[in-house]
There are 2 protein chains.
Amino acid sequence: MLNIKDIAKLAGVSPATVSRVINNSANVNEEKRQRVLEVLEQTGYKPNSLARGLLYNKTFTLGVVVPDISNINFSEFVKGIEIEARQNNYNIILMTSGNEPEREVECFEILKEKRVDGIIFAGTILTDRHKLHIDNSTIPFVVFGQDFEYKSLISINIDNIKASYDAVKYLYSKGIKKIAMITGPLWDKAAGYDRYTGFLKASIENGINQRDLIYKEGDFTISSGYEAMKKILKEERVEAVFAANDFMALGAIKYLLDNDVKVPQDIKVVGFDDNPIAKIYTPSLSTVKIDFYRAGVLSVNAIISCINGIEVENKMLLEYEIIERQSSI
Amino acid sequence: MLNIKDIAKLAGVSPATVSRVINNSANVNEEKRQRVLEVLEQTGYKPNSLARGLLYNKTFTLGVVVPDISNINFSEFVKGIEIEARQNNYNIILMTSGNEPEREVECFEILKEKRVDGIIFAGTILTDRHKLHIDNSTIPFVVFGQDFEYKSLISINIDNIKASYDAVKYLYSKGIKKIAMITGPLWDKAAGYDRYTGFLKASIENGINQRDLIYKEGDFTISSGYEAMKKILKEERVEAVFAANDFMALGAIKYLLDNDVKVPQDIKVVGFDDNPIAKIYTPSLSTVKIDFYRAGVLSVNAIISCINGIEVENKMLLEYEIIERQSSI
DNA sequence: TTGTATGCGTTATCAA
DNA sequence: TTGATAACGCATACAA
């Protein structure tokens with residue numbers, strides 16, 4: 001591939017002059033500038049960003065670590081990141097961790113080698129090795145989806161407790177008395193425990209005794225929603241079910257329909273996430289909509305500010321919206 | 001951030017010795033090696049990949065250009081790419097084009113500046129500017145999803161004609177006589193025109209006159225499937241519908257159910273893609289399953305071979321599978 | 001076995 | 001206005 005010296009030779013000037021033309025530096029003789037531009041055009045020359053990066057100690061590249069890019073939430077998130085990053089002249093190196101902590105740390109190490117200017121990280125846990133890495137690194141970090149409360153780590157979060165609380169309150173406001181929940185794994189603080197906590201809070205506020213709370217733990221899959229619904233119905237006749245994500249909600253609906261329970265006439269169902277399926281399914285699914293695309297945009301803005309040494313809030317909360325559809329009318 | 005000289009000083013050796021230790025080069029005094037390793041461990045030093053890249057003219061980075069990462073097909077594709085690339089010590093720079101040709105070319109230019117070792121490109125069209133870029137570039141290209149038949153461009157494709165032909169044949173094999181198709185935009189050669197061609201071929205083989213062919217053009221959205229189904233039913237009472245993707249198939253089903261036409265009893269429906277929704281929907285949707293994850297893996301293998309100067313087939317076809325579900329039983 | 005010097009491609013500094 | 005030179009961090013050829 002051609003370098004700046006080749007261009008200089010072809011244009012009959014020095015490399016410095018070529019560099020000046022490329023970077024729109026003043027003080028270049030107009031005739032020479034034209035000659036250089038012509039050669040640039042003809043050859044399709046592109047400066048080597050490695051050399052530039054080495055010089056400036058800056059790569060205009062962000063590292064992005066997500067558990068699974070084929071999960072619609074994360075692909076929306078990454079879409080927001082990529083588009084916003086590009087607007088700001090940055091590119092992204094995408095890495096997936098499969099939610100394995102060791103792989104996450106491995107990602108950090110690779111990204112450090114690649115000298116990315118910042119890292120956007122979506123994970124579920126913060127081990128000592130994570131912390132060690134963040135401490136030893138001068139690279140700005142933005143964490144999405146979990147409030148790790150670690151030093152001044154910048155984080156962008158969903159207010160899971162409040163969103164879940166609002167969703168349950170919405171059901172109570174329809175005059176329903178008996179609401180069950182299908183939770184995620186409770187060790188997952190954000191999407192598991194916090195969403196359960198919101199349900200707990202709303203229930204207590206509506207006069208339910210904590211020991212009478214009806215809930216089953218699922219693992220965010222459709223089949224776990226199906227099974228949880230089965231267990232709930234065996235124990236008690238509820239009027240509504242709130243699930244910690246849409247997949248489990250759909251699994252629950254499937255079980256209900258399979259057993260001739262009408263949704264929403266007999267039992268109302270509300271999910272969480274606003275997965276594209278929620279809108280399409282029959283009955284369409286009421287849910288809590290989180291704007292992951294926007295989360296991506298905010299993450300990029302935060303990290304770029306951070307890179308440029310601009311102070312930025314280190315805890316940001318994402319808006320959400322309760323969307324009412326057929327499953328809870 | 002520390003560099004190799006800093007490490008050398010801390011360990012009391014020369015930078016060259018540190019380099020030798022890092023690269024497991026022979027001929028290093030064991031005691032010094034240990035000393036260096038210790039410093040490396042303590043400092044968490046990582047060599048600057050920009051400097052290395054500059055030296056070797058190699059970045060171990062692949063560029064990936066897809067229309068839209070939030071489309072499940074492409075996110076599966078990218079997932080396969082990322083995982084397989086990592087297995088081979090490569091990382092990926094992900095870029096999205098929104099299917100806009102100018103933005104695609106822009107992506108190529110940026111990736112050239114970043115000196116990626118290869119580019120994996122999923123697009124729908126090959127303009128002169130694309131060609132110019134590919135011609136002027138020494139970077140290996142792998143194209144996914146379209147058979148552009150340009151020079152010796154390596155491409156990985158779905159055999160859309162055959163897959164579509166097989167899907168329609170499958171319907172005929174059930175004794176059905178009147179099959180309509182909802183096509184994609186016919187200017188899109190792969191998912192539009194080719195899938196139509198397969199339908200045409202299978203229909204003619206089953207004694208249909210080409211001018212009696214029933215089909216409506218959609219744009220791959222649910223609503224266009226809904227509208228197309230409406231138009232088809234106005235014109236003719238068909239026994240089955242084949243749609244060029246699952247979304248349009250679901251739109252068609254929605255229209256049928258809304259109008260008290262039973263699926264599959266009255267009309268059978270088959271889609272294309274095996275979108276996750278297909279399995280979940282009621283009735284679950286028969287479809288043509290394409291393994292996009294595998295396409296990603298194949299793309300990476302092809303491009304890495306190419307990078308290493310290993311000869312590789314320049315036309316590869318992806319397997320597919322007709323999946324029978326409730327909508328066509 | 002070890003260290004010094006060189007070059008990868010670019011830009012900033014300085015001298016002309 | 002221009003060009004020669006040094007520097008970014010690394011690995012290697014070569015000298016010791």
Side-chain angles (χ1 to χ4, degrees), chain A residues 1-37 39-40 43-61 89 109-117 138-139, chain B residues 1-37 39-40 43-61 89 109-117 138-139:
Chain A
M1 205 165 318
L2 293 175
N3 63 26
I4 202 168
K5 280 187 201 163
D6 299 321
I7 304 299
K9 255 180 227 155
L10 287 169
V13 297
S14 75
T17 299
V18 176
S19 176
R20 281 188 268 260
V21 171
I22 291 171
N23 299 290
N24 291 314
S25 171
N27 302 331
V28 175
N29 175 287
E30 189 51 33
E31 188 202 338
K32 287 193 181 175
R33 154 170 266 116
Q34 287 308 325
R35 227 159 58 210
V36 171
L37 284 174
V39 175
L40 252 27
T43 56
Y45 166 83
K46 289 286 163 201
N48 185 327
S49 74
L50 297 176
R52 276 187 169 167
L54 193 56
L55 202 58
Y56 290 135
N57 199 21
K58 176 148 177 62
T59 54
F60 284 96
T61 304
N89 264 308
E109 306 207 325
I110 294 171
L111 292 171
K112 184 178 179 183
E113 270 195 47
K114 297 253 170 165
R115 295 299 194 265
V116 295
D117 297 331
T138 57
I139 305 176
Chain B
M1 207 167 316
L2 294 174
N3 64 26
I4 203 168
K5 277 187 202 162
D6 299 321
I7 303 300
K9 256 180 224 153
L10 286 170
V13 297
S14 75
T17 299
V18 176
S19 176
R20 281 187 268 259
V21 172
I22 290 171
N23 298 290
N24 292 314
S25 166
N27 301 331
V28 175
N29 175 287
E30 189 52 30
E31 189 203 339
K32 288 192 181 176
R33 156 171 264 118
Q34 287 308 326
R35 227 158 59 211
V36 171
L37 284 174
V39 175
L40 251 29
T43 56
Y45 167 82
K46 289 285 165 202
N48 185 326
S49 75
L50 298 175
R52 276 188 168 162
L54 193 55
L55 203 57
Y56 290 134
N57 200 19
K58 176 151 177 61
T59 54
F60 284 97
T61 303
N89 264 310
E109 306 206 326
I110 293 172
L111 292 172
K112 184 178 180 184
E113 270 195 45
K114 298 252 170 168
R115 295 297 194 265
V116 295
D117 298 330
T138 56
I139 305 177

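Proteins get letters first, then strands, A, B, ... in listed order; numbering begins at 1 in each. Note that the structure is a prediction, hence the values are computed from the model and not measured.
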Engineer: Give the rounded distance in Å between these two atoms: CD of A:Glu31 and C1' of D:dT2.
Structural biologist: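 These atoms are roughly 14 Å apart.
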
Engineer: How close do B:Lys112 and B:Ile139 get, heavy atom to heavy atom, and via which atoms?
Structural biologist: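 Residues B:Lys112 and B:Ile139, closest heavy atoms: CA-CD1, 3.9 Å.
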
Engineer: Give a yes or no on whether a donor-acceptor pair under 3.5 Å exists between the nucleobase atoms of C:dG9, that is its base, and the side chain of B:Arg115.
Structural biologist: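 It does not, because no donor-acceptor pair links the side chain of B:Arg115 to the base of C:dG9 below 3.5 Å.
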
Engineer: Do other residues, nucleotides or ligands put more than 12 heavy atoms under 6.0 Å from B:Asn57 CG?
Structural biologist: no

Engineer: Specify the residue among B:Asn29 and B:Asn57 whose closest nucleotide of DNA chain C lies further upstream toward the 5′ end.
Structural biologist: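 The 5'-side residue here is B:Asn29.
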
Engineer: With a cut-off of less than 4.0 Å, is there a side-chain N or O of B:Thr17 near OP1 or OP2 of C:dG3?
Structural biologist: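 Yes, such a contact exists.
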
Engineer: Closer to the 5' end of DNA chain C via nearest nucleotide, is it B:Ala51 or A:Asn23?
Structural biologist: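 The 5'-side residue here is B:Ala51.
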
Engineer: Atom CD in B:Glu30, atom CG in B:Leu37: separation rounded to 0.5 Å?
Structural biologist: 8.0 Å

Engineer: Within this structure, what is the CG-to-C1' distance between A:Asn3 and C:dT10, rounded to whole angstrom?
Structural biologist: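 Distance check: A:Asn3 CG to C:dT10 C1' gives 10 Å.
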
Engineer: Round to the nearest Å and state the distance from A:Leu2 atom CG to C:dG9 atom P.
Structural biologist: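 So the CG-P distance, A:Leu2 to C:dG9, works out to 10 Å.
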
Engineer: Within this structure, what is the NZ-to-C1' distance between A:Lys112 and D:dG9, rounded to whole angstrom?
Structural biologist: 15 Å

Engineer: Atom CG of A:Leu54 and atom C1' of C:dG7: how far apart are they, to the nearest Å?
Structural biologist: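 Between C1' of C:dG7 and CG of A:Leu54: 12 Å.
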
Engineer: Give a yes/no answer on whether the side chain of B:Asn27 brings an N or O atom under 4.0 Å of OP1 or OP2 in C:dT1.
Structural biologist: yes

Engineer: Distance check needed: C:dG9 P versus A:Ile22 CD1, whole Å only.
Structural biologist: 14 Å

Engineer: State, to 0.1 Å, how close A:Leu54 and B:Ala51 come at their nearest heavy-atom pair, and which atoms those are.
Structural biologist: CD1-CB, 3.9 Å

Engineer: Think B:Lys32 has a side-chain N or O under 4.0 angstrom from the OP1 or OP2 of C:dT1?
Structural biologist: no

Engineer: Rounded to the nearest 0.5 Å, what separation is found between the CD atom of B:Gln34 and the CG atom of B:Asn29?
Structural biologist: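 Reported to 0.5 Å precision, the distance equals 10.0 Å.
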
Engineer: Is the shortest side-chain N/O distance from A:Lys5 to OP1 or OP2 of C:dG9 below 4.0 Å?
Structural biologist: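 Answer is no, no contact under 4.0 Å.
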
Engineer: Taking atom P of D:dC10 as reference, at what distance in whole Å does atom NZ of A:Lys114 sit?
Structural biologist: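 Whole-Å distance recorded here is 15 Å.
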
Engineer: Hey, is the side chain of B:Arg52 poking within less than 4.0 Å of OP1 or OP2 on D:dA11, counting only N and O atoms?
Structural biologist: yes

Engineer: Could you check how far CD of A:Glu113 sits from C1' of D:dG9, rounded to whole Å?
Structural biologist: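 Checked: the CD to C1' distance equals 13 Å.
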
Engineer: Quick one: on DNA chain D, does A:Val28 or B:Ile4 contact a more 5' nucleotide (nearest heavy atom)?
Structural biologist: A:Val28

Engineer: Are A:Tyr56 and C:dG9 close enough that a side-chain N or O sits under 4.0 Å from OP1 or OP2?
Structural biologist: no

